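What you see below is based on every heavy atom in this structure, not just the backbone, and it leaves out hydrogens, waters and symmetry mates. Here the structure is a predicted model, which is why all the values come from computation and not from measurement. Every number for a ligand or one of its atoms is a count from 1 in the order of the listing. In this chain, numbering begins with 1 at the start of the sequence shown.
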Amino acid sequence: MKILVTGAAGFIGSNFVYLMLEQHPDYEIVGLDLLTYAGNLETLEEAMKNPKFKFTKGDIADRDYIFNLFKEEKFDIVVNFAAESHVDRSIEDPGIFLRTNILGTQVLMDACREYGIKRYHQVSTDEVYGDLPLDRPDLFFTEETPIHTSSPYSASKAAADLLVLAYHRTFGLPVSITRCSNNYGPYHFPEKLIPLIISRALADESLPVYGTGENVRDWLYVKDHCIAIDKVIHDGKVGEVYNVGGHNERTNLEVVKTILHELGKPESLITYVGDRKGHDMRYAIDPTKISNELGWLPTVKFDDGIKMTIKWYLDNQDWWKNIISGDYKNYYEKMYSNR
Ligand code: NAD
Ligand code: TYD
């Protein structure tokens with residue numbers, strides 16, 4: 001079996017590469033990544049030592065490059081993680097989100113049609129469902145919840161999902177989609193809430209909380225997401241969508257306070273800043289389908305996963321300090337200085 005993993009130098013893609021090398025030592029894995037600001041080859045250093053893994057730098061929206069790669073490699077399965085993934089950046093500059101997330105998906109699926117494939121898997125997000133109100137804790141996203149997006153990021157992911165389902169219906173492409181809730185764990189880029197708070201708290205810097213901090217996210221440890229994708233690409237039904245999440249809802253303020261408590265840092269570091277435009281209130285996944293059909297259940301509870309994650313950031317300071325010492329400084333200044 002030969003698998004193409006796009007976005008392999010990013011947060012979830014790299015964790016997936018490591019899971020596949022561990023779970024399927026006989027598979028050949030090709031990791032593809034454009035190495036944008038979010039991609040980091042250091043993350044794949046260990047994988048590079050494995051003869052079953054190979055890295056290639058390239059753009060999923062570059063048709064000639066992708067078609068040549070497919071012609072040479074003859075993949076059995078494609079798992080598409082490659083994306084622009086940060087909501088705040090999509091508010092500043094939507095164009096690149098449409099190019100990578102929608103057109104890139106199209107190019108990959110066109111190559112699958114041309115060269116044949118057993119499965120094309122699209123890694124999507126619960127953000128395609130929009131948000132839920134805070135005063136209705138009985139409501140959850142199911143696979144039947146209407147698509148109703150809030151940000152240019154989620155709109156681009158929803159557009160890609162619709163295209164994936166259309167390629168299945170029209171061309172018979174064997175596709176599957178997972179829509180997962182917020183992930184956390186090793187190799188998470190420090191522009192996202194949890195690694196941003198850990199890295200800034202360790203430096204005793206102010207911790208920006210948007211609005212009132214009451215927004216709720218449903219947190220899933222990244223390895224559990226990767227295990228779910230592994231199950232879906234092997235045993236999931238073609239043409240189907242599977243929601244992935246584990247009932248680990250927390251308000252942003254609860255997340256920040258938990259991290260401060262674990263690090264022994266004062267809550268006085270918390271600084272309330274202007275809210276995100278169109279900020280989704282609550283995400284919460286109903287994972288009944290994947291649990292009933294494929295026997296997937298999360299293995300890590302938030303209270304344990306956050307401790308494991310903090311330990312990883314303490315043990316791997318070079319990894320994130322390299323990132324926050326470069327262009328990231330300008331990014332932080334631009335996004336947070338006048339908030
Ligand atoms: P990430 O930003 O950490 O990684 C994305 C990777 O894609 C980066 O390595 C980047 O260099 C690469 N990339 C960007 N544009 C590319 C292009 N044109 N061609 C090739 N590579 C390109 O994101 P992530 O958090 O690992 O998310 C991976 C996928 O999972 C995304 O599709 C995202 O929508 C989805 N997802 C993320 C979460 C989450 O909580 N992070 C939750 C659900 C779904
Ligand atoms: P984020 O990690 O960007 O993920 P997403 O927007 O995909 O859910 O943000 C998680 C939550 O944390 C979201 O409600 C926005 C909030 N947030 C802050 O309060 N401060 C920050 O500096 C960041 C990056 C996010």
Side-chain angles (χ1 to χ4, degrees), residues 5-16 31-41 43-44 56-62 65-66 79-91 96-97 99-101 103-105 107-108 122-128 131 150-151 153-154 156-157 160-161 177-185 187-197 200 206-220 222 225-226 229 243-245 250-253 255-256 270-276 278-283 285 332 335-336 339:
V5 179
T6 71
F11 166 43
I12 312 176
S14 59
N15 277 280
F16 184 73
L32 180 158
D33 202 292
L34 184 58
L35 301 179
T36 67
Y37 79 92
N40 188 346
L41 262 193
T43 303
L44 291 172
T56 175
K57 182 178 175 197
D59 181 352
I60 58 164
D62 179 341
Y65 162 78
I66 290 292
V79 185
N80 181 25
F81 292 91
E84 287 293 333
S85 67
H86 192 33
V87 172
D88 292 328
R89 287 184 193 254
S90 83
I91 296 167
I96 184 73
F97 285 72
R99 182 184 180 279
T100 296
N101 299 1
L103 297 179
T105 298
V107 168
L108 286 173
Q122 180 74 357
V123 181
S124 186
T125 164
D126 61 355
E127 301 194 27
V128 301
D131 63 352
S150 310
S151 70
Y153 163 68
S154 55
S156 70
K157 293 296 289 183
D161 281 14
I177 297 177
T178 41
R179 293 183 179 145
C180 190
S181 57
N182 286 62
N183 286 209
Y184 67 103
Y187 302 119
H188 204 181
F189 194 85
E191 68 186 349
K192 306 284 170 57
L193 181 72
I194 288 181
L196 182 137
I197 296 298
R200 290 186 66 83
S206 65
L207 307 179
V209 170
Y210 299 167
T212 59
E214 286 165 316
N215 306 64
V216 170
R217 296 294 182 264
D218 185 0
W219 294 97
L220 185 70
V222 62
H225 183 192
C226 296
I229 295 170
N243 283 356
V244 184
R250 295 286 186 286
T251 67
N252 292 339
L253 213 45
V255 169
V256 174
I270 294 173
T271 310
Y272 293 93
V273 299
D275 210 352
R276 174 185 280 173
H279 198 173
D280 281 336
M281 285 314 301
R282 171 175 169 248
Y283 302 145
I285 285 273
Y332 194 88
M335 300 297 265
Y336 291 87
R339 227 176 153 120

### Task
Indicate whether the side chain of Y37 and that of R89 have a donor and an acceptor atom separated by less than 3.5 Å.
yes
### Task
Quick one: look up the protein heavy atom nearest atom 22 (O) of ligand 2 and list residue, atom name and how far away it is.
Y336 OH, 2.7 Å
### Summary
of all protein heavy atoms, closest to atom 40 (O) of ligand 1 is N183 N, 2.9 Å
### Query
What do you reckon, does C180 put a non-hydrogen atom under 4.0 Å from ligand 1?
yes
### Message
Do D126 and S181 pair up side chain to side chain, a donor and an acceptor below 3.5 Å, judged on atom types alone?
### Response
no
### Query
Can you tell which part of N182 has a heavy atom less than 4.0 Å from ligand 2: side chain, backbone, both or neither?
side chain
### Task
Starting from atom 8 (O) of ligand 2, locate the nearest protein heavy atom and write down its residue, its atom name and how far away it is, to 0.1 Å.
R217 NE, 2.7 Å
#### Entry: Closest protein heavy atom to atom 7 (O) of ligand 2, given as residue, atom name and distance to 0.1 Å
E127 OE2, 2.6 Å
### Message
Under 4.0 Å, heavy-atom basis, I'd like to know which part of A8 is in contact with ligand 1: side chain, backbone, both or neither.
### Response
neither
## Note on the structure
Within the 4.0 Å heavy-atom cut-off, what T6 brings close to ligand 1 is neither
### Task
Please work out which of Y184, Y272, Y210, W219 has its closest non-hydrogen atom nearest to atom 23 (C) of ligand 2.
Y210
### Message
Can you tell me which portion of E191 lies within the under-4.0 Å heavy-atom range of ligand 2? Options are side chain, backbone, both, or neither.
### Response
backbone
### Task
Give the residue, atom name and distance (to 0.1 Å) of the protein heavy atom nearest atom 8 (C) of ligand 1.
D33 OD2, 3.6 Å
### Query
Counting both backbone and side chain atoms, is some N or O of A82 under 3.5 Å from an N or O of ligand 1?
no
### Message
Regarding ligand 2, does P208 bring an N or O atom to under 3.5 Å of one of the ligand's N or O atoms?
### Response
yes
## Note on the structure
Going by the 4.0 angstrom heavy-atom rule, the piece of F11 near ligand 1 is both
### Query
Is it the side chain, the backbone, both or neither of K157 that has a heavy atom closer than 4.0 Å to ligand 1?
side chain
### Query
Of the backbone atoms (N, CA, C, O) and the side-chain heavy atoms from C-beta on, which set of T100 has a member under 4.0 Å from an atom of ligand 1: side chain, backbone, both, or neither?
side chain
### Query
Would you call S14 and L44 a side-chain contact if the rule is heavy atoms closer than 4.5 Å?
yes
#### Entry: Close approach of S124 to ligand 1, heavy atoms, under 4.0 angstrom
yes
### Query
Can any side-chain N or O of T178 pair as donor or acceptor with the backbone N or O of I229 at less than 3.5 Å?
no
### Task
Decide whether an N or O pair under 3.5 Å exists between F189 and ligand 1.
no
### Task
For ligand 1, note which part of W219 has a heavy atom under 4.0 Å away: side chain, backbone, both or neither.
neither
### Message
Is there a polar contact between ligand 1 and G7, counting only N or O atoms under 3.5 Å apart?
### Response
no
### Task
Indicate yes or no: at least one non-hydrogen side-chain atom of Y336 is less than 4.5 angstrom from one of T271.
no
### Message
I want to confirm something. Looking only at heavy atoms, which of N252, V255, D126, L253 is nearest to atom 16 (C) of ligand 2?
### Response
N252
### Task
Classify the side-chain pair Y283/T125 by whether it contains a donor and acceptor separated by less than 3.5 Å.
no
### Query
Polar-atom distance check: L196 versus ligand 2, any N or O pair below 3.5 Å?
no
### Query
Taking N or O atoms only and a 3.5 Å limit, does R276 qualify as a polar contact for ligand 2?
yes
#### Entry: Distance-only N or O hit between ligand 1 and N182, under 3.5 Å
no
### Message
Taking distance alone, with N or O pairs closer than 3.5 Å, would you say N215 contacts ligand 2?
### Response
no
### Task
Could you say whether the N/O atoms of I12 and ligand 1 ever approach to under 3.5 Å?
yes
